[in-house]
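Notes to accompany the following structure.
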Amino acid sequence: QVNLVESGGGLVQAGGSLRLSCAASGSIFSINSMGWYRQAPGNQRELVANITRGVRPGYADSVKGRFTISRDNAKNTVFLQMNSMKPEETAVYYCNADIVIRYIGSYRRSDYWGQGTQVTVSS
């Protein structure tokens with residue numbers, strides 16, 4: 001069993017900053033990629049940023065230069081620093097991780113999601 005627990009969401013004014021955190025716990029053998037997605041009402045879930053061991057982070061074009069994703073491998077945690085936020089970025093932000101777990105003497109790789117954290121940017 002693996003849990004992803006997000007924190008750091010809330011209300012911020014346009015132009016302000018928020019920092020999201022997501023910690024993975026459970027029978028984790030290794031974590032490949034970790035990332036952040038967001039979903040606004042009536043919209044599809046979209047990738048915001050992701051980070052893989054040894055690979056340069058990737059960002060949606062709309063957040064490049066304003067958002068920074070980082071990772072603490074020792075703590076199985078991923079962060080998203082969001083600066084210069086815009087009202088249209090109001091959404092539920094979800095953590096995602098590609099994790100290998102120990103499973104009955106073997107290993108299993110699966111995709112996991114957090115429960116989501118609300119981010120509201122007021123104009």
Side-chain angles (χ1 to χ4, degrees):
Q1 184 71 17
V2 171
N3 289 311
L4 299 183
V5 179
E6 299 128 333
S7 61
L11 175 65
V12 63
Q13 288 188 332
S17 299
L18 279 177
R19 187 175 190 243
L20 305 182
S21 301
C22 172
S25 63
S27 300
I28 297 171
F29 175 73
S30 66
I31 300 178
N32 299 314
S33 64
M34 301 186 82
W36 291 94
Y37 288 71
R38 64 189 178 192
Q39 187 169 19
N43 291 355
Q44 290 188 333
R45 192 172 296 188
E46 62 175 0
L47 175 67
V48 177
N50 61 7
I51 184 168
T52 304
R53 286 177 181 266
V55 178
R56 182 173 297 186
Y59 297 94
D61 288 343
S62 61
V63 307
K64 285 181 180 178
R66 299 185 297 116
F67 289 14
T68 302
I69 189 170
S70 60
R71 181 171 166 176
D72 184 336
N73 292 323
K75 296 182 179 179
N76 293 334
T77 300
V78 64
F79 306 95
L80 185 68
Q81 178 66 42
M82 305 184 290
N83 299 328
S84 302
M85 296 199 70
K86 303 175 182 179
E88 56 264 37
E89 294 177 318
T90 294
V92 177
Y93 283 67
Y94 295 91
C95 175
N96 170 266
D98 177 8
I99 296 175
V100 178
I101 64 170
R102 301 177 185 86
Y103 182 74
I104 312 178
S106 185
Y107 300 91
R108 172 176 290 182
R109 180 177 179 177
S110 299
D111 209 38
Y112 294 89
W113 292 90
Q115 79 283 358
T117 185
Q118 177 69 46
V119 171
T120 302
V121 185
S122 63
S123 57

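Computed from a predicted model, the values in this text were never measured in an experiment.
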| query | Do E6 side-chain atoms and Q115 backbone N/O form a donor-acceptor pair below 3.5 Å? | reply | yes
| request: Using atom types as modelled and distance alone, determine if a side-chain donor or acceptor of T90 lies under 3.5 Å from a backbone N or O of E88. | output: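 No; judged by distance alone, with no hydrogens or angles, the pair does not exist.
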| message | To check you understand the geometry: which heavy-atom pair defines the closest contact between L20 and M82, and what is its length? | response | CG-CE, 3.7 Å
| Closest heavy-atom contact between K64 and Y59? | CE-O, 3.4 Å
Which atom pairs, donor and acceptor, lie under 3.5 Å between side-chain atoms of residues 22-30 and protein residues at least two apart or in another chain?
none

Flag the pair [X] / [Y] as yes when at least one side-chain heavy-atom distance between them is below 4.5 Å, and no otherwise.
X   : Y   : answer
I99 : N32 : no
W36 : N96 : no
Q81 : F67 : no
I69 : F79 : no

| field | Partner residues of S110 under the side chain to side chain contact (heavy atoms under 4.5 Å, CB included) criterion, sequence neighbours left out | value |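 Per chain and number, S110 pairs via side chain to side chain contact (heavy atoms under 4.5 Å, CB included) with R108, Y112.
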| task | Applying side chain to side chain contact (heavy atoms under 4.5 Å, CB included), name anything that partners R66, two or more places apart in sequence or on another chain. | result |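 With sequence neighbours excluded, R66 shows a side chain to side chain contact (heavy atoms under 4.5 Å, CB included) to V63, S84, K86, E89, given in chain and number order.
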| request: Using the side chain to side chain contact (heavy atoms under 4.5 Å, CB included) rule, take L11 and Q118 through it: C-alpha gap first, then chi angles, then the decisive distance, then the call. | output: CA-CA 8 Å; L11 175 65; Q118 177 69 46; over 6 Å; no
| request: Identify, with sequence neighbours excluded, every residue that meets side chain to side chain donor-acceptor pair (under 3.5 Å) alongside S122. | output: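 Result, side chain to side chain donor-acceptor pair (under 3.5 Å) vs S122: none returned.
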| message | Can you list everything that forms a side chain to side chain donor-acceptor pair (under 3.5 Å) with N50? Sequence neighbours excluded, please. | response |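 Here no residue qualifies.
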| How does the hydrophobic cluster around Y94 look, that is, which other residues are in it when side-chain heavy atoms under 4.5 Å mark a link? |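 Other cluster members: Y37, L47, V92, W113.
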| Worked check of side chain to side chain contact (heavy atoms under 4.5 Å, CB included) between V78 and C95 | CA-CA 8 Å; V78 64; C95 175; 3.9 Å; yes
